[in-house]
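Reckoned from all heavy atoms, side chains included, excluding hydrogens, waters and symmetry mates.
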Amino acid sequence: MVVLFRVLWGFVGSRYARFRQFASSPADTLDYVRSLISGSRKKYLGHNPLGGWMTLILLSLVFLVCASGWLYTTDYYWGVEWVETVHRILTNILLVCVGLHIAGVILTSLQERENLLMSMIHGKKRTILEEDIQ
């Protein structure tokens with residue numbers, strides 16, 4: 001249900017919650033990674049390209065973990081080893097991605113001197129200079 005709400009919110013929600021705002025192209029994402037490596041990281045009022053992709057990955061993984069868990073409870077797939085294996089692997093990948101996401105939020109918060117966790121909760125972020133943002 002939470003995934004469904006977030007998917008709907010990605011189409012009708014506030015400006016920075018919408019998928020079209022943070023679903024960056026692979027080229028833009030690669031440019032952002034290069035800017036991170038070079039130390040000239042671009043700043044974003046909404047999701048940066050890596051954060052946007054991670055949001056899409058997390059939503060997909062939560063859906064797949066739920067679907068595989070539900071599948072395992074059906075009469076047809078109860079006790080089927082490959083379903084359990086897929087569910088376990090997806091769960092482990094999800095946990096790794098959650099850890100990476102948390103690490104990214106903490107690192108970016110420290111680099112930008114911005115409490116991104118609170119921004120994620122209330123949807124507001126300190127305004128930065130227009131020439132610094134994407």
Side-chain angles (χ1 to χ4, degrees):
M1 198 61 163
V2 172
V3 174
L4 178 61
F5 172 76
R6 183 55 185 98
V7 169
L8 289 174
W9 192 246
F11 291 105
V12 300
S14 64
R15 177 180 178 190
Y16 295 110
R18 293 187 181 199
F19 294 133
R20 70 172 173 227
Q21 185 278 324
F22 65 82
S24 299
S25 70
D28 288 343
T29 306
L30 189 55
D31 285 344
Y32 180 73
V33 171
R34 286 186 186 128
S35 75
L36 285 176
I37 293 169
S38 71
S40 61
R41 178 180 38 82
K42 297 175 183 176
K43 296 179 182 177
Y44 292 80
L45 278 176
H47 294 83
N48 66 48
L50 288 178
W53 277 106
M54 183 57 84
T55 300
L56 296 173
I57 290 167
L58 289 170
L59 282 170
S60 299
L61 283 169
V62 168
F63 172 78
L64 291 171
V65 166
C66 291
S68 63
W70 169 80
L71 192 64
Y72 196 65
T73 67
T74 63
D75 290 338
Y76 191 77
Y77 290 102
W78 178 258
V80 176
E81 189 174 332
W82 72 264
V83 177
E84 181 182 2
T85 301
V86 166
H87 181 70
R88 186 176 55 253
I89 289 169
L90 288 171
T91 300
N92 289 333
I93 293 170
L94 175 61
L95 290 172
V96 168
C97 288
V98 166
L100 289 172
H101 188 61
I102 291 169
V105 168
I106 291 170
L107 182 63
T108 304
S109 291
L110 293 172
Q111 289 174 337
E112 293 184 2
R113 294 182 175 91
E114 176 81 37
N115 188 344
L116 292 181
L117 178 60
M118 289 308 297
S119 297
M120 290 164 60
I121 292 170
H122 56 59
K124 296 177 182 155
K125 191 172 182 185
R126 182 173 42 102
T127 305
I128 51 182
L129 297 176
E130 194 66 33
E131 63 269 10
D132 290 339
I133 61 172
Q134 294 296 315

Worksheet item: Would Trp53 end up clustered with Leu30 when hydrophobic side chains under 4.5 Å apart are linked, directly or stepwise?
Response: no
Side-chain donor-acceptor pairs under 3.5 Å in residues 79-97, sequence neighbours left out?
unit_1, atom_1, unit_2, atom_2, d
Glu84, OE1, Tyr72, OH, 3.3
Thr85, OG1, Glu81, O, 2.9
His87, ND1, Val65, O, 3.1
His87, ND1, Ser68, OG, 2.8
His87, ND1, Gly69, N, 3.3
Thr91, OG1, His87, O, 2.8
Asn92, ND2, Arg88, O, 3.3

Worksheet item: Between CG of Leu100 and CG of Leu58, what distance do you get to the nearest 0.5 Å?
Response: 9.0 Å
Fill in: Interatomic spacing from CG in Leu50 to OG1 in Thr55 - rounded to 0.5 Å
10.5 Å
Worksheet, complete the sentence: For Ser25, the side-chain contact (heavy atoms from CB on, under 4.5 Å) test, sequence neighbours excluded, returns Ala27, Asp28
Item to complete: For Ile102, enumerate each residue passing the side-chain contact (heavy atoms from CB on, under 4.5 Å) test, keeping only those at least two apart in sequence or located in another chain.
Response: Val98, Ile106
